[in-house]
Student: 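There's a structure below that I have some questions on.
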Amino acid sequence: MFRVLGNRKVTPNAHEMIVEAPEVARKAQAGQFALLMVNEHSERIPYTLSDWDKEAGSVTFIVLEVGKSTSDFVRLQPGDEVAHVTGPLGMPLEVDNFGTVALIGGCYGLGGVVPVGRTMKAAGNRVITFVEARMEGMHYYLDKYESFSDEVVQTTTDGSNGIKGHGVDILEARLKEGVQVDRVFAVGCPFMMMITAQLTQPYEIKTFAALNPIMLDGTGMCGACRCTVGEETKFACVDGPFFDAHLVDWHELRDRRAAYIRIERDVCK
Amino acid sequence: MIEAARCLACKKPKCVAGCPVNIDIPSFLHLIEEGKFVEAAQKIKETNPLPAVCGRVCPQEEQCEKVCVLTIKHESVAIGRLERFAADYERNAGKIKLPEIAEKTGKNVAIVGAGPAGLCVAGDLIIAGHEVTVFEALQKPGGVLMYGIPDFRLPEEIINAEVQTLSDLGVNFRYDYVVGRNDTIPEMLAGDFDAVFIGSGAGLPSFQGIPGENLIGVFSANEYLTRANLMKAYRFPEYDTPPIEAGHVTTIGGGNVAMDSARTALRLGSRSTIVYRRAREQMPARDEEIHHAEEEGIKFNLLTNPTKILGNSRREVIGMECIRMELGEPDDSGRRRPVPIEGSEFEIECDAVVVAIGNKPNPLIPQTMEGLELTRWGTVVTEEHTMQTSVEGVYAGGDIVSGAATVISAMGQGKVAARAMDHYLRTGKNPDPPPPPPPPKEKSKKKKE
Ligand SMILES: Cc1cc2nc3c(=O)[nH]c(=O)nc-3n(C[C@H](O)[C@H](O)[C@H](O)COP(=O)(O)OP(=O)(O)OC[C@H]3O[C@@H](n4cnc5c(N)ncnc54)[C@H](O)[C@@H]3O)c2cc1C
Ligand SMILES: Cc1cc2nc3c(=O)[nH]c(=O)nc-3n(C[C@H](O)[C@H](O)[C@H](O)COP(=O)(O)OP(=O)(O)OC[C@H]3O[C@@H](n4cnc5c(N)ncnc54)[C@H](O)[C@@H]3O)c2cc1C
Ligand code: FES
């Protein structure tokens, strides 16, 4: 069993969950995720590793409450246990000194960009972090971003905090100003990652996005997580989750993610 | 007992030779005949640690029962059913007797994968006195026995009971542990472990590469069966994983996996059709399974090859385009090759497609370990007498070595590996190959026999 060590509500619908999982923490690398089952009847649900502490043997997730499994998880309090945590899973991100790296985080990607930024900074990159939220009070990791970023750009859709607009809008403005960006990493909802890819394509900036298809085993055994990347079928759980965003079939990802929406909605009623 | 009494107790029993783990079949049949059921089960367990499983899923008609001398004139003794009976009797009577464990050696063995190959090695090595830890990626043991073969053929309690016996003997099970992502094999050998057995199976599903395979409603058999078996989606919403609701499920393939998928579809309330590109006689599934499928009302579209899966604007499956085939010239394997009949395209309406055309080994372990020699199919190369891989101290068996095969062959290889590993752990050397290798000429002659 894996003990819950912390549960902090960071926005109205997101929680920072800290779970004791020493084997995951020991091996975690930027870009990887873990699968979690709250109890023996739960689904196996993937969450991005937002942080980890090897000494304490703990891992941190940012969990957006969207349905049954995510709400079961965020309902747990410190001292409660989850039945299963498997990880780290997926390919670690390729790390190098690329020059200037732009990170774009939205939704749970506000946590997901943290390890990416840290390793990119450690490899000598200049890091610009764009974090987007709907409104004020939804940016919660400012201190973390500042620890690895040369610049942090906060945006809100309604302009109530930071710059009004989306992360990509501001990135676009910067690119137009002639700011040199050598690599972009996007973590968040498929729509945001798709428009990021569309924006950076004409500038020919290599862009990587963390795909989030529906998963089942997370070990390459089932193929539920198939995505089309550059005309080829890839299994996101073992070949990804990060892929070249310019090659991803985003519409397929969006539709495949909706596969169980009707039946899942019924159960939440 | 009457059935068991039909055994003639041949002097040189062919059935024993026909069994991949050489169960002493005449002796256990004799014990059943005498009404000593628990003893019969224990007799089987001397060589086969999972009789309740094998009694249900072994292709006996290809093995022990095929060579039974009675088949010359009559039907073979129903060895498989009697094996199952003895094992179930022992378990239900609560009389499972733990075997004696040899004096502890202080050596540590890591086993990758809790499928039949891994469980078999775990059982043999714990009895031989070593410390054994099994690392399993999923949340439950059994491998394909748990996530693939459906409950109606192999109930989960049976696997759990077998695993409980191993736990009682002192085998340590670590679930949620993906070797290669958690520790790699080289890290295990550098750490606590003196030897490693790879029993990671052939768990990477193949697809045909036809248009429409990524539509919603197209599943690998692994996904379809895993949702149903491992995650118990058929008990949704008591279990959280959603089931696959479909009016008509079409399964592509002709093996046991296809039969299990098609039969599962029926049980999930769908109409169920199998599409297979060769003829009935060429289906690799066990006869018994094909019979069951037919009796249950599954429709067979033989000599039919899917060419395209059709979808609607929401990218949901609405049908499948197929072409009729006829048998042409024999190919390398001697099977007549199916060739498409031009102009015979037709459509099958369906809202789910299950692809059951085979599995390949998962590349994770070879990717995270240097020097592990592979075949061009991605299976691990081993030395036949010991199942040692190209890396010292690392052994392998089961589907990771032979490609998708059978439970009993996985266990047979596990047995060979366990014997060699025990020797290696005690002496630092592999055992000598049993018979001195015959000169090359005789060898080729022997093969023909
Ligand atoms: C690699 C990866 C990393 C992810 N990281 C995070 C993270 O750090 N934080 C976070 O909040 N979410 C993350 N997600 C998404 C998260 O897994 C889904 O939001 C979650 O499964 C929803 O489950 P539910 O039962 O609460 O909602 P549901 O009502 O089941 O579904 C809501 C939506 O979530 C998606 N979804 C449903 N089941 C799955 C599944 N088994 N696997 C993946 N997606 C599914 C579907 O698009 C669905 O429409 C990640 C997904 C992937 C694949
Ligand atoms: C649907 C279906 C029906 C079948 N029906 C029959 C039948 O009727 N009769 C018969 O004899 N055979 C049948 N087979 C074949 C038989 O099940 C297999 O040949 C047998 O299970 C192989 O055993 P194994 O131990 O090699 O591997 P598996 O059973 O595949 O087990 C491998 C285990 O290793 C785990 N694993 C993989 N990688 C890692 C890793 N990196 N770290 C940790 N764990 C890992 C997997 O999760 C899995 O649990 C069937 C197969 C299927 C799919
Ligand atoms: S989730 Fe099953 S293969 Fe990726």
Side-chain angles (χ1 to χ4, degrees), chain A residues 2 21 23-24 26-29 32 34-45 67-69 72 83-92 214 216-228 233 235 238 249 251-264 266-268, chain B residues 136-140 144 147-148 174-178 180-184 187 200-207 209 213-227 230-233 235-245 311 313-316 355 359-360 362-364 367:
Chain A
F2 303 81
E23 291 294 342
V24 185
R26 198 159 66 81
K27 287 295 207 152
Q29 284 175 266
Q32 293 184 302
L35 274 169
L36 189 140
M37 287 178 78
V38 169
N39 59 52
E40 297 296 340
H41 288 202
S42 299
E43 285 184 270
R44 295 168 62 90
I45 297 290
K68 167 102 173 41
S69 303
D72 284 352
H84 300 279
V85 182
T86 313
L89 297 171
M91 287 285 200
I214 291 181
L216 184 58
D217 63 298
T219 67
M221 180 269 276
C222 77
C225 61
R226 322 203 270 299
C227 293
T228 305
T233 294
F235 288 7
V238 285
D249 183 339
H251 295 291
E252 179 185 272
L253 176 68
R254 178 200 60 201
D255 290 348
R256 285 187 63 85
R257 278 172 54 90
Y260 297 95
I261 259 196
R262 265 170 290 168
I263 179 167
E264 290 275 7
D266 290 347
V267 79
C268 285
Chain B
E136 168 56 51
L138 296 173
Q139 77 270 25
K140 287 184 193 172
V144 168
Y147 75 72
R174 298 277 305 268
Y175 300 107
D176 312 311
Y177 196 103
V178 182
R181 287 273 174 258
N182 296 110
D183 274 346
T184 62
E187 286 168 335
S200 54
L204 193 77
S206 303
F207 288 86
E213 266 177 350
N214 289 352
L215 290 169
I216 298 167
V218 183
F219 308 95
S220 72
N222 281 358
E223 179 180 358
Y224 193 71
L225 292 167
T226 298
R227 281 184 185 277
L230 182 72
M231 306 307 294
K232 308 252 177 285
R235 281 162 68 184
F236 183 84
E238 179 196 347
Y239 282 75
D240 294 339
T241 301
I244 288 152
E245 287 182 337
S313 62
R314 282 196 302 270
R315 232 180 271 265
E316 294 161 344
V355 183
N359 284 311
K360 291 169 293 201
N362 189 318
L364 179 60
Q367 274 168 5

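Just the heavy atoms: all of them, side chains too, but no hydrogens, waters or symmetry mates, feed the values below. Below, read A as the first sequence line, B as the second, and so on, with proteins coming before strands; counting in each chain starts at 1.
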Student: Report which part of Leu36(A) has an atom under 4.5 Å of a heavy atom belonging to chain B: side chain, backbone, both, or neither.
Tutor: neither
Student: Any chance you could measure Asp240(B), atom CG, to Lys68(A), atom NZ, to the nearest 0.5 Å?
Tutor: 3.5 Å
Student: Do you know the tightest heavy-atom contact between Pro92(A) and Arg181(B)?
Tutor: CD-NH1, 4.4 Å
Student: Restricting to side chain to side chain donor-acceptor pair (under 3.5 Å), what partner residues turn up for Glu252(A), sequence neighbours left out?
Tutor: Thr228(A)
Student: Is it the side chain or the backbone of Arg44(A) that comes within 4.5 Å of chain B heavy atoms, both, or neither?
Tutor: both
Student: Which atoms of Leu216(A) are under 4.5 Å from chain B, going by heavy atoms: the side chain, the backbone, both sets, or neither?
Tutor: side chain
Student: Go through the structure and list residues passing side-chain contact (heavy atoms from CB on, under 4.5 Å) with Lys27(A), not counting sequence neighbours.
Tutor: Pro88(A), Asp183(B), Glu187(B)
Student: Let me know if Asn214(B) has heavy atoms under 4.5 Å from chain A in its side chain, its backbone, both or neither.
Tutor: both
Student: Which heavy atom of Leu215(B) sits nearest to which heavy atom of Arg226(A), and what is that distance?
Tutor: O-NH2, 4.5 Å
Student: If you tally heavy-atom pairs under 4.5 Å against chain A, which of Tyr177(B), Tyr175(B), Tyr239(B) wins?
Tutor: Tyr239(B)
Student: With a 4.5 angstrom heavy-atom cut-off, which part of Val85(A) approaches chain B: side chain, backbone, both or neither?
Tutor: backbone
Student: Is it the backbone or the side chain of Asn39(A) that comes under 4.5 Å from a heavy atom of chain B, or both, or neither?
Tutor: neither
Student: Below 4.5 Å from any heavy atom of chain A, which atoms of Val218(B) appear? Answer side chain, backbone, both or neither.
Tutor: both
Student: With only heavy atoms counted, which part of Glu213(B) is less than 4.5 Å from chain A, the side chain, the backbone, both or neither?
Tutor: backbone
Student: At a 4.5 Å cut-off on heavy atoms, which part of Phe207(B) comes close to chain A: side chain, backbone, both, or neither?
Tutor: side chain
